[in-house]
Q: 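Below is a structure I'd like to ask you about.
Note on naming: letters A, B, ... go to the chains in the order of the sequence lines (proteins, then strands), and numbering restarts at 1 for each one.
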Protein chains: 2
Amino acid sequence: MTYAARDASTEVSPNMSSVFPSNSSTPLSTFSAGSEIYAPRQKASCLYRIEFGAVRLHRMLSDGRRQVVDFYLAGETFGFEVSRTHSFFAEAMVATSTRTHCLADNTGTQPELLGLALHGMLRAQEHILVIGRQTAMERVAGFLLDMSDRQGGLKHFDLPMSRLDIADYLGLTIETVSRVFAKLRASGLIKLRSIRCVEIIEKTALRGLCA
Amino acid sequence: MTYAARDASTEVSPNMSSVFPSNSSTPLSTFSAGSEIYAPRQKASCLYRIEFGAVRLHRMLSDGRRQVVDFYLAGETFGFEVSRTHSFFAEAMVATSTRTHCLADNTGTQPELLGLALHGMLRAQEHILVIGRQTAMERVAGFLLDMSDRQGGLKHFDLPMSRLDIADYLGLTIETVSRVFAKLRASGLIKLRSIRCVEIIEKTALRGLCA
DNA sequence: CGGTCATTTGAGCGGAGTCAAATTGAGTGG
DNA sequence: CCACTCAATTTGACTCCGCTCAAATGACCG
């Protein structure tokens with residue numbers, strides 16, 4: 001973690017009346033690639049809205065196995081918790097800037113927060129279906145379509161995460177992810193413009209691969 | 001979810017008696033074993049608090065693969081959704097009775113609902129870790145401990161769900177679940193008083209099997 | 001150009017799945 | 001109370017998808 005980045009994350013004003021004022025002057029924090037935003041057991045009191053960059057939320061088992069619970073991209077918000085402390089690691093995957101909104105105890109932010117929580121629950125529950133019942137090919141195909149959609153549905157887009165992040169998100173290994181990418185490329189459904197830039201050639205066919 | 005992780009998640013309990021006072025006169029509905037409470041695409045407008053019985057929340061893929069997203073036991077509440085319609089099936093696994101609490105558009109229930117949503121999100125995210133990264137043995141051991149805890153931590157308790165429900169919840173097959181049960185029984189960690197009644201003999205050892 | 005790290009590719013293995021048969025057990029009617 | 005039925009569960013034999021281990025290739029940077 002970068003010390004400068006950590007310091008920046010703590011410069012937050014205590015009282016926000018609204019969660020996301022559009023012309024916000026809330027503090028802007030920046031994190032370098034790979035730096036930690038928060039860790040389990042740390043006090044949870046802020047929401048983070050990503051201005052640019054991308055974040056992974058993950059947890060580890062004692063023997064090093066890791067599960068990425070979710071990715072957050074530009075425009076998305078993370079950081080809300082049931083309890084007073086965090087349950088996961090949040091780390092910037094690339095250079096990332098966030099607007100930090102601290103929650104007062106008793107404000108009008110709850111309607112927005114409720115929406116975020118319900119949306120987060122649905123996303124997590126749908127991810128359970130993916131990881132519990134889909135094949136490696138189905139998982140990767142669905143992942144690419146999700147990434148495409150969340151970046152405006154463009155034909156080509158950059159993956160802000162490494163193969164290891166993708167593997168840990170989909171409950172696979174890097175090798176399996178790499179092999180599925182290779183198979184999709186060989187069958188002409190996608191192109192890899194560079195190692196992190198994906199172009200979707202046959203969106204319909206790709207969609208057909210998802211169960 | 002990992003067994004240890006559940007402790008952290010209990011700060012906000014899903015039993016929110018303030019939402020549903022025990023002397024409530026809200027309608028009491030009963031469902032026979034196997035009957036449907038709601039289905040995807042149906043209008044979502046009520047919360048259901050279970051008086052007795054047990055419910056599964058699940059979804060199916062087009063080819064019949066099924067994933068149980070969560071179980072709800074007596075005292076727990078389900079039915080909240082992001083959108084106006086349901087995303088999952090809710091079905092009674094045994095004879096079940098619920099208090100149905102319809103949400104007015106703009107009531108004071110939101111703080112409680114927020115707690116339920118956040119708790120549900122955390123449970124789902126922890127389940128992602130289980131399904132994504134744990135072995136069959138770890139999943140079943142953690143499941144039994146979770147069931148025990150949620151029924152008051154008794155040494156022996158009834159499983160309200162079938163082996164198929166357990167398998168679809170843990171992302172396994174019935175055969176694998178059955179084999180793991182057999183192995184746990186053979187090594188003396190549990191006893192099966194009957195097909196659905198489990199007695200935990202070595203709780204500590206069982207906990208040691210969870211990652 | 002050499003070093004380091006991420007990714008890809010190859011070979012072989014193993015945990016969980018599949019298919020099939022045996023067994024248990026909960027109902028049901030005689 | 002027992003015999004019968006049918007579904008749920010268990011057990012066995014074998015397969016296969018994804019994992020592990022290992023080596024090669026590629027990308028980036030000083």
Side-chain angles (χ1 to χ4, degrees), chain A residues 32-34 56 61 63-68 93-95 130-144 158-187 190-198 209 211, chain B residues 32-34 56 61 63-68 93-95 130-144 158-187 190-198 209 211:
Chain A
S32 58
R56 65 172 168 250
L61 296 176
D63 61 358
R65 281 175 287 176
R66 189 181 73 148
Q67 178 66 46
V68 172
M93 296 186 293
V94 294
V130 172
I131 289 184
R133 287 293 175 230
Q134 291 188 190
T135 66
M137 177 59 82
E138 289 165 346
R139 297 183 207 194
V140 172
F143 170 75
L144 290 175
D158 275 304
L159 295 173
M161 68 288 289
S162 69
R163 297 289 188 270
L164 182 58
D165 288 326
I166 298 173
D168 286 346
Y169 175 64
L170 297 177
L172 301 170
T173 60
I174 23 175
E175 293 95 331
T176 298
V177 170
S178 183
R179 276 184 255 267
V180 173
F181 269 72
K183 194 171 287 184
L184 287 172
R185 192 164 50 82
S187 49
I190 66 170
K191 267 184 189 151
L192 295 176
R193 294 191 177 186
S194 78
I195 207 132
R196 291 223 181 171
C197 181
V198 178
L209 291 178
Chain B
S32 59
R56 65 173 168 250
L61 296 175
D63 62 358
R65 281 175 287 176
R66 189 182 75 148
Q67 179 66 45
V68 171
M93 297 186 292
V94 294
V130 171
I131 289 184
R133 286 294 175 229
Q134 292 188 189
T135 65
M137 177 60 82
E138 290 165 346
R139 296 182 208 194
V140 172
F143 170 74
L144 289 176
D158 275 303
L159 296 172
M161 67 289 288
S162 69
R163 298 287 188 273
L164 182 58
D165 288 325
I166 298 173
D168 286 346
Y169 176 66
L170 297 177
L172 301 169
T173 60
I174 23 176
E175 293 93 332
T176 298
V177 170
S178 183
R179 276 184 255 266
V180 174
F181 269 72
K183 195 172 285 185
L184 288 173
R185 191 163 51 82
S187 50
I190 64 170
K191 267 184 189 152
L192 295 176
R193 294 192 177 187
S194 78
I195 206 130
R196 291 226 180 165
C197 182
V198 178
L209 290 179

Q: Rounding to a whole Å, what distance do you find between A:Leu170:CG and D:dC17:P?
A: 19 Å

Q: What integer distance in Å separates B:Phe181:CZ from D:dA8:C1'?
A: 14 Å

Q: Mind listing the closest non-hydrogen atom pair of A:Val140 and A:Phe181 along with its distance?
A: CG1-CE1, 3.9 Å

Q: Measure the CZ-CE distance between A:Arg56 and A:Met161 for me, rounded to the nearest 0.5 Å.
A: 10.0 Å

Q: Nearest nucleotide by nearest heavy atom, which residue falls closer to the 5' end of DNA chain C, B:Val177 or A:Ser162?
A: A:Ser162

Q: Applying a 4.0 Å non-hydrogen cut-off, can you work out what A:Ile174 is touching in the nucleic acid: base, sugar-phosphate, or nothing?
A: nothing

Q: Please report, rounded to the nearest Å, how far the P atom of D:dT9 is from the CG atom of B:Leu172.
A: 15 Å

Q: Would you tabulate the pairs of protein nitrogen or oxygen atoms and nucleotide nitrogen or oxygen atoms of nucleotides 21-29 of chain D closer than 3.5 angstrom?
A:
{"from": "D:dC21", "atom 1": "N4", "to": "A:Glu175", "atom 2": "OE2", "distance (Å)": "3.1"}

Q: Would you say the side chain of B:Asp158 lies within less than 4.5 Å of the side chain of B:Val94, judging by non-hydrogen atoms?
A: no

Q: Side-chain contact, heavy-atom cut-off 4.5 Å: B:Ser162 with B:Arg196?
A: yes

Q: Where is the tightest heavy-atom contact between A:Ile174 and A:Arg163, given as atom of each residue plus distance?
A: CG2-C, 3.6 Å

Q: Run the side chain to side chain contact (heavy atoms under 4.5 Å, CB included) test on A:Glu138 and A:Val130 for me, step by step, so that the C-alpha distance in whole Å, both residues' side-chain angles and the decisive distance to 0.1 Å come before the verdict.
A: CA-CA 8 Å; A:Glu138 289 165 346; A:Val130 172; over 6 Å; no

Q: With respect to the phosphate group of D:dT10, does any side-chain polar atom (N or O) of B:Ser178 fall under 4.0 Å of OP1 or OP2?
A: yes

Q: Run the ring-ring contact (aromatic ring centres under 6.0 Å, His included) test against A:Phe143 and tell me which residues pass, sequence neighbours left out.
A: A:Tyr169

Q: Would a 4.5 Å heavy-atom cut-off, applied to side chains only, mark A:Arg139 and A:Val177 as touching?
A: no

Q: Please report the distance, rounded to the nearest Å, between CG in A:Asp63 and P in D:dT20.
A: 11 Å

Q: Compute the bend angle of the helix from C:dC1-D:dG30 to C:dG30-D:dC1 from the end axes (five pairs per end), rounded to 10°.
A: 40°

Q: Give the rounded distance in Å between these two atoms: CG of B:Leu192 and C1' of D:dT9.
A: 11 Å

Q: Suppose the criterion is salt bridge (charged side-chain N to carboxylate O under 4.0 Å, His left out): which pairs have a residue in residues 166-178 of chain A, not counting sequence neighbours?
A: A:Arg66-A:Asp168, A:Asp168-B:Arg133

Q: Starting from P on D:dT10, measure out to NZ on B:Lys183 and report it in whole angstrom.
A: 15 Å

Q: On DNA chain C, which is the earliest and which the latest nucleotide, 5' to 3', with an atom closer than 4.0 Å to a heavy atom of chain A?
A: C:dT7 to C:dA11

Q: Could you state the interatomic distance from CG (A:Leu159) to CD1 (A:Ile166), rounded to the nearest 0.5 Å?
A: 5.0 Å

Q: What is the nucleic acid contact for B:Ser194, judged by heavy atoms within less than 4.0 Å: base, sugar-phosphate only, or nothing?
A: nothing

Q: How far apart are the closest heavy atoms of A:Arg65 and B:Ala211, and which atoms are they?
A: NH2-CB, 3.1 Å

Q: Side-chain N or O of A:Thr173 less than 4.0 angstrom from OP1 or OP2 on D:dG18?
A: no

Q: Going by heavy atoms in the side chains, are B:Leu172 and B:Val180 under 4.5 Å from each other?
A: no

Q: Restricting both atoms to N or O, compile the protein contacts to nucleotides 1-5 of chain D shorter than 3.5 Å, with distance only.
A:
none

Q: Report yes if the side chains of A:Leu170 and A:Thr176 come closer than 4.5 Å at any heavy-atom pair, otherwise no.
A: no

Q: Where is the tightest heavy-atom contact between A:Gly171 and A:Ile131, given as atom of each residue plus distance?
A: N-CD1, 4.5 Å

